[in-house]
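The model shown is predicted, which means the values in this text are computed figures rather than measured ones.
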Amino acid sequence: MRLLRIMLPHKIQLMAVLAFGVAMLFIENQIQKLEESRAKLERTIARHEVAEVEHRHNEGTGREFSPLSEKDDMVIIYNRVPKTASTSFTNIAYDLCGKNRFHVLHINTTKNNPVLSLQDQVRFVRNVTSWREKKPGFYHGHVAYLDFSKYGAKGKPMYINVVREPIERLVSYYYFLRYGDDYRPGLRRRKQGDKKTFDECVSSGGSDCTPEKLWLQIPFFCGHHSECWNVGSRWALEQAKYNLVNEYLLVGVTEELEDFIMILEAALPRFFKGATELYRTGKKSHLRKTTEKKPLTKETITKLQQSDIWKMENEFYEFALEQFQFVRAHGVREKDGELYVLAQSFFYEKIYPKVN
């Protein structure tokens, strides 16, 4: 009987711990369901709004509309690459849209698939070009580059983007899937519970850290051609470079995000007036960080850098960095540790015929 009295409290404690664990799992499950319900609701609302746009477009065919002013007839597409500080930058756009009077729209694709079906490509181009009520507009989402001229669109949007050192981007994504970040810390992630470090993943040949996982920035810039998504394609690399130079207004790098924002503010004040100051002094939501990220060993870095895939992704990153630094060198100066934008350096003269 005495032994029973001693063991009883331990059994109660064990049952309490088990009950607590079950309760926590239940709460996490409910939170996940709420997140999924919210996402479904957002998609339903978005589909309804798109259907309304298409309906108005069909009804309005043949009607004359007063043209939008040049400053308002603008669309920016930020086809953001995952884990390149894209959420930090997008939050600045959300904070500025009310003050600067433009619209921000998230492109939410099914299962975050960056490749749209042909019919969705046509719908998207039609929506972006004809949705007058949402101009000027800033669209953002994890979507591969889309050439609007291919679909007979009259106007083309301005593309912008940010790239990141390839291994740093992959490592950030690896830990993000396991631990999340400080932006939504309570959200359960797909690989939550997996404690294996990136170094351990590489040494054991895990599937989440193979060189093939590096192949992402190139196809995002290459676009919707099948060859873009063939891992290690030299054609895809060259097409991505071509698009970066010819189709993007500006491509920054995560490591120099403030400079990217400063140049955008100087070039497109209609959207980004006040962005630099907001980035420097704004809310912490602009500084989203992946949690529990461990530094890599030299062995892991060397192993990844031996792959042809890393060499190609790194070649693209270095190309993008060189282009950005060229733009910055001609538009920004540093004085006493502070960056400032250069004033206009051209003017007009010898204008004929003379006006009395």
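A distance-only check finds no donor-acceptor pair linking the side chain of Ser233 to the backbone of Asn230 [under 3.5 Å]. With Arg126 contributing its side chain and Ala153 its backbone, the two residues share no donor-acceptor pair below 3.5 Å. Checking side-chain atoms of Ser203 against main-chain N and O of Glu200 turns up a donor-acceptor pair under 3.5 Å.
Contact annotation: the side chain of Leu96 never approaches that of Phe138 to less than 4.5 Å [non-hydrogen atoms, C-beta and beyond]. Two residues are said to be in side-chain contact when any heavy atoms from C-beta on lie closer than 4.5 Å; Pro136 and Asp72 meet this criterion. Proximity of Leu146 to Tyr151: side-chain heavy atoms (C-beta onward) are separated by under 4.5 Å at one or more points. Between Val171 and Tyr175, the closest side-chain pair of non-hydrogen atoms falls below 4.5 Å. Put simply, the side chain of Ile263 reaches to within 4.5 Å of the side chain of Val327, judged on heavy atoms. Inter-residue side-chain proximity for Phe319 and Val251 is flagged as unmet; no heavy-atom pair is nearer than 4.5 Å. Ser86 places a side-chain heavy atom less than 4.5 Å from the side chain of Tyr78. With contacts defined as side-chain heavy-atom distances shorter than 4.5 Å, the pair Ile107/Phe124 qualifies.
Criterion: ILVMFWY side-chain heavy atoms under 4.5 Å apart, direct or through other members. Under it, Tyr348 and Val355 are not part of a common hydrophobic cluster. By the criterion of side-chain heavy atoms lying less than 4.5 angstrom apart, applied directly or through intervening Ile, Leu, Val, Met, Phe, Trp or Tyr residues, Leu257 is grouped together with Val341 in one hydrophobic cluster. The same ILVMFWY cluster, assembled from side-chain heavy atoms under 4.5 Å apart, contains both Phe260 and Val245. Under the 4.5 Å side-chain contact rule for hydrophobic residues, Tyr139 and Val122 share a cluster.
Here the shortest heavy-atom pairing between Tyr145 and His224 reads O-ND1, 3.1 Å. Nearest heavy atoms, Thr254 versus Ala85: CG2-CB, 3.8 Å. When all heavy atoms of Lys196 and Tyr174 are compared, the closest pair comes out as O-OH, 2.8 Å. Nearest approach of Leu249 to Leu268, heavy atoms of both residues: CD2-CD1, 3.5 Å. Nearest heavy atom pair, residue Ile261 against residue Thr276, reads CG2-N, 3.8 Å. Contact record, Leu244 with Gln323: CD2-CG, 3.9 Å, taken as the closest heavy-atom pair.
Under the side chain to side chain contact (heavy atoms under 4.5 Å, CB included) criterion, Glu165 pairs with Ile167, Glu168, Glu255, Trp310, Asn314, Tyr317, not counting sequence neighbours. Partners of Glu258 according to the salt bridge (Lys or Arg N to Asp or Glu O under 4.0 Å) rule, which considers only residues two or more places apart in sequence or in another chain, are Arg280. Applying the disulfide (SG to SG under 2.5 Å) criterion to Cys201, with sequence neighbours excluded, gives Cys209.
By the neighbour-count criterion of 12 heavy atoms within 6.0 Å, atom OH of Tyr242 is sparsely surrounded, having that number or fewer from other residues, nucleotides or ligands. More than 12 heavy-atom neighbours from other residues, nucleotides or ligands sit within 6.0 angstrom of NZ on Lys156. Counted within 6.0 Å of NZ on Lys111, heavy atoms from surrounding residues, nucleotides or ligands total 12 or fewer; the atom is thus considered open.
A salt bridge is defined here as a Lys NZ or Arg NE, NH1 or NH2 lying under 4.0 Å from an Asp or Glu carboxylate O, and Glu256 with Arg328 meets this definition. A salt bridge between Lys311 and Glu315 is absent, with no side-chain N of the basic residue lying under 4.0 Å from a carboxylate O of the acidic one.
Asp147 CG to Glu247 CD: the interatomic distance, rounded to the nearest 0.5 Å, is 5.5 Å. Residue Asp73 holds its CG atom at 4.0 Å from NZ of Lys135, rounded to the nearest 0.5 Å. Note: His140 NE2 to Phe89 CZ = 10.5 Å, rounded to the nearest 0.5 Å. Here the straight-line distance linking atom CD1 of Ile92 with atom CZ of Phe272 works out to 9.0 Å at 0.5 Å rounding. To the nearest 0.5 Å, the span separating CG on Asn100 from NZ on Lys273 amounts to 7.5 Å. Atom CG of Leu304 and atom NZ of Lys213 lie 13.5 Å apart (nearest 0.5 Å).
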Derivation and outcome, side-chain contact (heavy atoms from CB on, under 4.5 Å), residues Val163 and Phe316 = CA-CA 9 Å; Val163 295; Phe316 178 71; 4.2 Å; yes
Any chance you could lay out the salt bridge (Lys or Arg N to Asp or Glu O under 4.0 Å) test for Glu299 and Lys303, step after step, and finish with the verdict?
-> CA-CA 6 Å; Glu299 291 76 13; Lys303 189 172 183 178; over 6 Å; no
Stepwise side-chain contact (heavy atoms from CB on, under 4.5 Å) check, Leu264 with Phe271 = CA-CA 9 Å; Leu264 276 179; Phe271 287 84; over 6 Å; no
Go through the steps for His142 and Thr109 under the test side-chain contact (heavy atoms from CB on, under 4.5 Å), then give the verdict.
-> CA-CA 8 Å; His142 298 313; Thr109 60; 5.6 Å; no
Please test Arg178 against Asp208 for side-chain contact (heavy atoms from CB on, under 4.5 Å), starting from the C-alpha separation and ending with a verdict.
-> CA-CA 11 Å; Arg178 285 153 179 78; Asp208 285 347; 2.7 Å; yes
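Between Trp131 and His103, the ring center distance fails the sub-6.0 Å criterion.
Sequence neighbours left out, not one pair with a member in residues 214-228 passes salt bridge (charged side-chain N to carboxylate O under 4.0 Å, His left out). For residues 114-143, no pair satisfies disulfide (SG to SG under 2.5 Å), with sequence neighbours left out.
Ring geometry for Tyr248 against Tyr159 counts as tilted: the plane angle lies between 30° and 60°, on a 0 to 90° scale.
Cation-pi geometry between Lys150 and Phe148 is not satisfied (NZ or CZ under 6.0 Å from the ring centre, within 45° of the ring normal). Remark: Lys83 is positioned above the aromatic ring of Phe176, its terminal NZ or CZ atom under 6.0 angstrom from the ring centre and at most 45 degrees off the axis.
His106 and Tyr94 form no side-chain donor-acceptor contact under 3.5 Å, judged by distance and modelled atom types alone.
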Can I get a per-line list of side-chain donor-acceptor pairs under 3.5 Å for residues 214-222, giving both atom names and the distance, sequence neighbours left out?
from	atom 1	to	atom 2	distance (Å)
Trp215	NE1	Cys228	O	3.3
Gln217	OE1	Arg164	N	2.8
Gln217	NE2	Arg164	O	3.0

